[in-house]
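Here's the structure we're looking at; comments come further down.
Within every chain, numbering begins at 1; the chains are lettered A, B, ... in the order of the sequence lines, protein sequences first and strands thereafter.
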There are 2 protein chains.
Amino acid sequence: MVTQRQLEEREMRRQRILKGALQVYQQEGIEKATMDGIARESGFGKATLYYYFDSKEEIFVELLRTGWEQIWESVEVYIGVTGSPREKFISILKTIARMIADDRAFFGFLFQAPAQMPNLPEERQPWRVHQNRMYGVLRGLLEDGMSLGEFPRMESRLLLRAMGGLFHGLFFLGTPGKEISEEGIDNFLTNLFSGSGLTMDSESRY
Amino acid sequence: MVTQRQLEEREMRRQRILKGALQVYQQEGIEKATMDGIARESGFGKATLYYYFDSKEEIFVELLRTGWEQIWESVEVYIGVTGSPREKFISILKTIARMIADDRAFFGFLFQAPAQMPNLPEERQPWRVHQNRMYGVLRGLLEDGMSLGEFPRMESRLLLRAMGGLFHGLFFLGTPGKEISEEGIDNFLTNLFSGSGLTMDSESRY
DNA sequence: TTAAATTTCGACTGTTCATTCGGAATATTA
DNA sequence: TAATATTCCGAATGAACAGTCGAAATTTAA
């Protein structure tokens with residue numbers, strides 16, 4: 001028989017291992033994210049990791065899944081809220097930007113890790129469920145906004161990709177020293193979406 | 001003594017090996033881009049690869065270097081040309097888009113491979129020289145264009161990153177089936193840069 | 001308190017792969 | 001043609017690392 005406490009302790013140990021995996025990833029990069037490293041960081045013997053997880057892959061997939069779940073939950077909030085598509089869209093992007101800024105290491109992992117683990121079959125990418133939902137919501141908002149004239153008309157798919165690239169680059173590429181402020185993002189979005197002439201920054205007249 | 005012909009033949013063999021490496025990368029992904037695979041594809045014995053290259057890394061770095069060199073050469077042309085910054089900027093992006101569309105496999109490699117080979121010290125990333133020059137030119141054009149009012153004012157760094165993300169996503173991420181036309185890019189750019197109200201698509205009035 | 005269940009783990013196994021070894025084959029030059 | 005230089009290569013080497021084994025330690029239940 002298994003008590004509730006035991007289940008909770010197991011879960012805590014799983015979390016410890018996940019945390020260790022993330023630490024290894026951060027400190028040494030994905031290359032050196034070995035099971036030996038995770039064992040070291042999490043304070044378990046290597047064999048014990050396999051008591052809690054089936055494989056190394058499962059550990060990283062679990063990290064990705066919970067991460068995207070978090071993102072999705074922060075986005076989901078805006079679905080029912082009142083407000084124009086444009087307002088919602090920008091709120092969501094700013095929320096995500098804030099989440100990323102608050103835990104850059106974790107979200108860095110979220111955005112980089114999938115590229116390093118190619119060739120996973122669909123069913124081994126459970127995080128994509130939330131990822132796709134999120135893109136779906138954003139794209140829907142974009143399209144609704146366009147038909148209301150709140151955004152310039154363009155291919156929403158293209159624009160989303162640009163936004164994805166922006167977020168990616170914003171936090172994880174190029175010169176690592178340069179932090180980018182929320183204000184910077186704000187300006188960027190304002191300018192990017194001012195194409196329809198609805199709001200125009202006074203500085204950019206001429 | 002080494003004749004000119006010998007030098008040329010050596011160079012041809014190096015090219016053969018590089019071509020083989022790219023084929024392996026395309027057909028099997030970076031995971032399986034092994035020296036055995038390259039030997040197989042290029043038609044040399046494995047040990048022979050080491051007669052022409054010091055290491056596996058050198059092979060891939062050489063591919064990256066020549067690729068970015070090509071991109072740079074296509075960009076460089078526009079420096080001396082007459083025309084507004086905005087016109088030049090868009091011409092350059094369209095040129096690059098065309099290059100990518102013409103040899104998607106190669107440029108896919110160019111954009112994806114660096115992410116898979118992290119931890120290289122600066123001096124082992126010679127392609128960055130051309131990469132940086134290109135970004136410098138583009139950024140310069142953006143900034144000149146902004147002060148002429150041809151672009152909306154925004155952080156050129158941010159915008160470039162969005163463009164980078166766009167190109168990346170455009171060709172190599174997401175649903176692989178969907179090709180994106182040059183016209184699509186054209187529309188996107190037009191809309192993206194219509195923020196200052198200089199050119200306004202009639203459809204997006206309201 | 002002792003048998004059963006749960007948790008832990010260092011050492012081992014097996015595989016993959018870059019790189020090297022030692023010399024063979026081929027081409028060039030004298 | 002013989003000596004030398006260049007080009008070629010399959011088999012061995014060694015390192016890295018995911019995953020397994022068999023048993024020990026600890027906790028729980030009777």
Taking the side chain as every heavy atom from C-beta outward, state whether [X] and [Y] have any atom pair closer than 4.5 Å.
X         : Y         : answer
Trp127(A) : Leu110(A) : no
Val129(A) : Trp72(A)  : no
Ile71(B)  : Met134(B) : yes
Ile17(A)  : Ile38(A)  : yes

Nearest-Å distance, [atom1] ([X]) to [atom2] ([N])?
X        : N       : atom1 : atom2 : value
Ile38(B) : dT19(C) : CD1   : P     : 10 Å
Phe44(B) : dT26(C) : CZ    : P     : 15 Å
Arg13(B) : dA27(C) : CZ    : C1'   : 10 Å
Lys32(A) : dA16(D) : NZ    : P     : 10 Å
Met35(B) : dA12(D) : CE    : P     : 20 Å
Arg40(B) : dG10(D) : CZ    : C1'   : 16 Å
Asp36(B) : dT20(C) : CG    : C1'   : 14 Å
Lys46(A) : dT20(D) : NZ    : P     : 11 Å

Donor-acceptor under 3.5 Å (Lys88(B) side chain, Ile79(B) main chain): yes
Glu150(B) side chain vs Arg86(B) backbone, donor-acceptor pair below 3.5 Å: yes
Could you list the residues that satisfy side chain to side chain donor-acceptor pair (under 3.5 Å) with [X], not counting sequence neighbours?
X         : answer
Asp36(B)  : Lys46(B)
Gln27(A)  : none
Gln131(A) : Arg128(A)
Glu28(B)  : Arg40(B)

Residue pairs fulfilling side-chain hydrogen bond (donor to acceptor under 3.5 Å, both in side chains) with at least one residue in residues 47-59 of chain A, sequence neighbours excluded: Arg13(A)-Tyr52(A)
Protein-to-nucleotide contact annotation, 5' to 3' order, nucleotides 23-30 of chain D [B base; S sugar-phosphate only; - none; under 4.0 Å, heavy atom]: -----S--
Partner set under side-chain contact (heavy atoms from CB on, under 4.5 Å) for Ser91(B), not counting sequence neighbours: Tyr78(B)
Qualifying residues under side-chain contact (heavy atoms from CB on, under 4.5 Å), relative to Val81(A), sequence neighbours excluded: none
Inter- and intrachain pairs under salt bridge (Lys or Arg N to Asp or Glu O under 4.0 Å), touching residues 65-75 of chain A, at least two apart: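 Those involving residues 65-75 of chain A are Glu62(A)-Arg65(A), Arg65(A)-Glu69(A).
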Neighbours of DNA chain D within residues 49-58 of chain A, by heavy-atom distance under 4.0 Å: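 Those residues are Tyr50(A), Ser55(A), Lys56(A).
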Whichever of Gly43(A) and Thr34(B) has its nearest DNA chain C nucleotide further upstream toward 5': Gly43(A)
Proximity to DNA chain C (any heavy atom under 4.0 Å), residues of residues 15-26 of chain B only: none
What protein N or O atoms touch nucleotides 22-25 of chain C N or O atoms at under 3.5 angstrom, if any, and at what distances?
none

